[in-house]
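I have placed the structure first, in the form of structure tokens, so that the comments after it can refer back to it.
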Amino acid sequence: MRNRKKRNVVIYIVCVILAVLSILPFWIMIVNATRSTVQIQSHAISLMPSTHILQNFKVLTGKTFNPVTGFLNSLIIATGATICSIYFSTLTAYSLVAYEWKMRQAFFTMILAVMMIPTQVISIGFYQFMYRIGMTNNLLALILPAIAAPMTVFFMRQYMLPSLNLDIVASARIDGAGEFRTFNSIVLPIMKPAMATQAIFTYVTTWNALFLPMVLLTRKENYTMPIMVSLLKGDIYRTEYGAVYLALTLSVLPLFIVYFLLSKYIIAGVALGSVKE
Amino acid sequence: MPQNTIKRKGVSYAKYGYLFSLPFIIIFLIFMLYPTLFTAVIGFTDFKGVVATSFKFLEHPFDNFVSIFKNETFRNSLKNTVVIWVINFIPQIGLALLLTAWFTNRSRRIHGQGAFKVLFYLPNIITAATVAILYASIFSYPIGPVNDILQSLHLISKPFDFSTSPWGAKLVVAFIQFWQWYGYTTIILISGVLGINPELFEAAEIDGASPRQTFFQITLPCMRTILIFTLITSLIGGLNMFDIPKLYIWNGGPANATMTTSVFIYAQAFSGSYLYNKAAAASMIMFVIIAILSGVTFFLMRDRSEVKAKRAMKRIEKLSKGAEA
């Protein structure tokens with residue numbers, strides 16, 4: 001018994017070190033966001049916050065970084081893409097689960113086949129296509145493709161197979177409900193837990209995306225939060241340490257709030273993703 | 001069964017199957033299939049330049065591919081991608097396995113697992129662009145938090161410039177990847193262990209197996225598929241690594257040490273040189289590599305469900321035989 005406790009101490013020490021490693025960079029970031037550049041230059045690390053946050057904010061917004069524009073654009077894209085992806089993925093999964101049609105198996109095989117292909121490797125064709133139809137700098141070019149999300153369809157189907165009782169669908173038919181109404185009023189409520197999990201991941205992934213937005217959005221008023229963040233790498237912020245840390249903090253804040261409110265579901269969702277049975 | 005009801009009524013619902021999958025199919029054709037084919041086509045043309053809209057096919061259609069394969073920077077970027085992935089993945093899977101062994105060991109009963117998982121996973125959801133710039137600030141030279149700590153601990157006497165040493169830059173990028181992903185891998189592996197039939201562990205316990213024996217002879221073999229799956233998805237993710245190497249150090253770092261294939265493709269097409277044809281050829285090479293890797297996962301997963309179905313059939317056969325007897 002005592003031996004077990006002794007052995008466990010090592011485990012707890014390792015886990016605490018790892019936990020500190022997870023938090024420390026963000027702690028440094030938040031504290032330094034409140035310190036002046038001069039303070040940071042004399043001591044880059046401090047555990048105590050200071051009082052220069054407003055001054056840093058003025059320096060930050062006086063240049064290219066615009067947190068409000070970035071936040072709003074990211075909000076529009078992430079919300080639009082999430083709604084499109086979740087609704088249509090559930091609908092597509094329903095077509096795979098509830099109906100017998102000739103191409104069903106072929107369609108599902110195709111979804112499995114393209115599931116892993118990342119958008120990055122087709123970005124040249126995607127950009128040229130969008131350029132030709134005048135959709136660069138159009139947020140819709142980043143929202144509409146979310147309607148076809150193979151990975152989400154796959155997940156929804158796996159969840160729907162055991163949890164949707166087709167007898168309910170059949171009895172709705174007898175009651176005279178149309179197919180589309182049945183989907184909206186009976187199937188969607190049953191799928192709520194799966195939709196919530198997938199919504200969180202789609203939201204975070206879209207919010208964080210850098211490659212395609214950076215390729216497509218060239219006008220300043222369309223920049224997303226990650227593109228705004230990438231501006232901090234430029235020369236104009238080279239010596240403004242406090243402002244850079246504040247900008248980083250602002251870009252992370254919404255994610256922190258979402259994460260600590262929903263962490264339970266997020267961790268459960270990650271674990272669920274692995275059980276692809 | 002609903003299918004029976006349908007037949008009895010003589011109404012076919014098959015058209016709704018097509019109808020409800022139509023939005024997916026239309027968007028897929030427009031925004032995925034067409035750009036893929038377009039990228040492939042551009043790879044065989046002379047298409048370059050910021051204002052160019054027309055292009056013609058090359059006399060020797062594979063010229064772009066040949067020149068990309070001969071391109072020192074591309075070969076170097078492919079090498080970097082693999083090297084950075086390897087030095088991030090080996091410690092990552094090692095640590096994840098260790099944590100999995102600890103957290104799922106039934107005789108240890110580690111408390112606070114939920115909180116630890118939340119903290120280990122935290123870096124994964126934070127915007128990679130933010131993480132890259134944050135690390136650039138933390139490792140900055142001559143004044144920065146890491147140099148500050150190392151000097152206060154008297155581990156170094158002068159500040160060390162992490163951004164001018166090629167291996168220093170590679171290691172920091174690999175470390176960021178490791179730091180962002182080991183929590184994810186740990187959660188996946190733990191849930192894999194929880195999916196193993198508990199009777200196996202009980203049997204091992206009754207037979208007097210030590211935790212170590214149980215882990216190496218039951219847990220690991222049962223997780224073979226999930227481990228290969230983790231390996232391949234991580235490799236595909238690694239091949240697409242862009243945000244961190246792009247933003248941690250501009251333009252591929254010292255001696256292009258952190259130039260990955262995605263950064264290379266971006267640089268060819270979208271920053272200054274506008275060599276769309278070369279970038280498209282490089283993209284297609286990556287596409288083929290990723291398609292092969294995802295094909296492997298695809299067959300692995302199919303194989304797995306087929307094996308399961310076979311097992312279930314056997315069990316049913318056995319049961320029915322038992323019932324007959």
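Quick note: numbers below take in every heavy atom, side chains included, and nothing from hydrogens, waters or symmetry partners. Chain A is the first sequence line, chain B the second, and so forth, proteins listed ahead of strands; every chain is numbered from 1.
Considering only heavy-atom pairs separated by less than 4.5 Å from chain B, the leading option among A:Ser123, A:Pro226, A:Ser251, A:Pro25 is A:Pro25. Between chain B and the residues A:Trp207, A:Tyr127, A:Tyr94, the largest count of heavy-atom pairs under 4.5 Å involves A:Tyr127. Between chain B and the residues A:Ile266, A:Ile117, A:Leu232, the most heavy-atom pairs under 4.5 angstrom are made by A:Ile117. No other option in A:Ala93, A:Pro118, A:Ser89, A:Ala141 has as many heavy-atom pairs under 4.5 Å with chain B as A:Pro118. Among the candidates A:Phe88, A:Tyr259, A:Tyr241, the residue making the largest number of heavy-atom pairs closer than 4.5 Å to chain B is A:Tyr259. Options A:Gln120, A:Lys102, A:Met110, A:Met225 differ in how many heavy-atom pairs under 4.5 Å they form with chain B, and the most are formed by A:Gln120.
Note that the CG atom of A:Leu18 and the OG1 atom of B:Thr186 stand 8.5 Å from one another [nearest 0.5 Å]. Rounding to the nearest 0.5 Å gives a distance of 12.0 Å between OG of A:Ser263 and NZ of B:Lys117. Note that OG of B:Ser21 and CZ of A:Arg104 are 11.0 Å apart. Values are rounded to the nearest 0.5 Å. The OG1 atom of B:Thr130 sits 7.5 Å away from atom CG of A:Leu255, with the distance rounded to the nearest 0.5 Å. The line from CZ of B:Phe20 to CD of A:Glu179 is 6.0 Å long, rounded to the nearest 0.5 Å.
In this view, B:Gln268 satisfies the side chain to side chain donor-acceptor pair (under 3.5 Å) rule with no residue, not counting sequence neighbours.
Neither the backbone nor the side chain of A:Ala146 comes within contact range of chain B; no heavy atom of the residue lies under 4.5 Å from a heavy atom of that chain. In this structure, chain A has heavy atoms under 4.5 Å from both the backbone and the side chain of B:Leu122. Using a 4.5 Å cut-off between heavy atoms, A:Val14 touches chain B through its side chain atoms alone. For A:Phe126, the parts lying near chain B are the backbone and the side chain together; criterion is any non-hydrogen pair under 4.5 Å. Both the backbone and the side chain of A:Phe180 come within contact range of chain B, with heavy atoms under 4.5 Å apart. In this structure, no portion of A:Val169 lies under 4.5 Å from any heavy atom of chain B. Proximity to chain B (any heavy atom under 4.5 Å) is restricted, for A:Ile28, to the side chain, taken from C-beta onward. Looking at A:Met103, the atoms closer than 4.5 Å to chain B (heavy atoms on both sides) sit in the backbone and in the side chain alike. Neither the backbone nor the side chain of B:Ile232 comes within less than 4.5 Å of any heavy atom of chain A. Heavy atoms of A:Lys264 lying under 4.5 Å from chain B are absent altogether. Contacts between A:Ile111 and chain B at a heavy-atom distance below 4.5 Å involve the side chain alone, from C-beta outward. If you measure heavy-atom distances from B:Leu95 to chain A, the contacts under 4.5 Å come from the side chain alone. If you measure heavy-atom distances from A:Ala113 to chain B, the contacts under 4.5 Å come from the backbone alone.
Ring geometry for B:Trp179 against A:Phe26 counts as tilted: the plane angle lies between 30° and 60°, on a 0 to 90° scale. Taking the six-membered ring where tryptophan is involved, the planes of B:Phe116 and A:Tyr12 are tilted, since the angle between them lies from 30° to 60°. Using the six-membered ring where Trp is involved, B:Phe24 and A:Phe107 have ring planes that are perpendicular, over 60° apart on the 30 and 60° scheme.
When side chains are defined from C-beta on, A:Val121 counts as touching B:Asn240, because their heavy atoms get closer than 4.5 Å. Here the side chains of B:Ile143 and A:Ile40 are not in contact, with every heavy-atom distance at 4.5 Å or above. Within the 4.5 Å cutoff, side-chain heavy atoms of B:Phe242 are placed close to those of A:Met214. By the 4.5 Å heavy-atom criterion applied to side chains, B:Ser294 and A:Val114 are not counted as neighbours. Side chains of A:Val258 and B:Ile125 form no contact here, defined as non-hydrogen atoms less than 4.5 Å apart. Taking 4.5 Å as the limit, every side-chain heavy atom of B:Thr127 sits out of range of all side-chain heavy atoms of A:Val229.
When atom types are taken as modelled, the side chain of A:Lys233 and the backbone of B:Ile249 share no donor-acceptor pair closer than 3.5 angstrom.
At a heavy-atom cut-off of under 4.5 Å, chain B is reached by A:Val244, A:Tyr245, A:Leu248 from residues 242-250 of chain A, listed in order of number.
Taking the ring axis of B:Phe38 as reference, the NZ or CZ atom of A:Arg132 does not stay both within 45° of it and closer than 6.0 Å to the ring centre.
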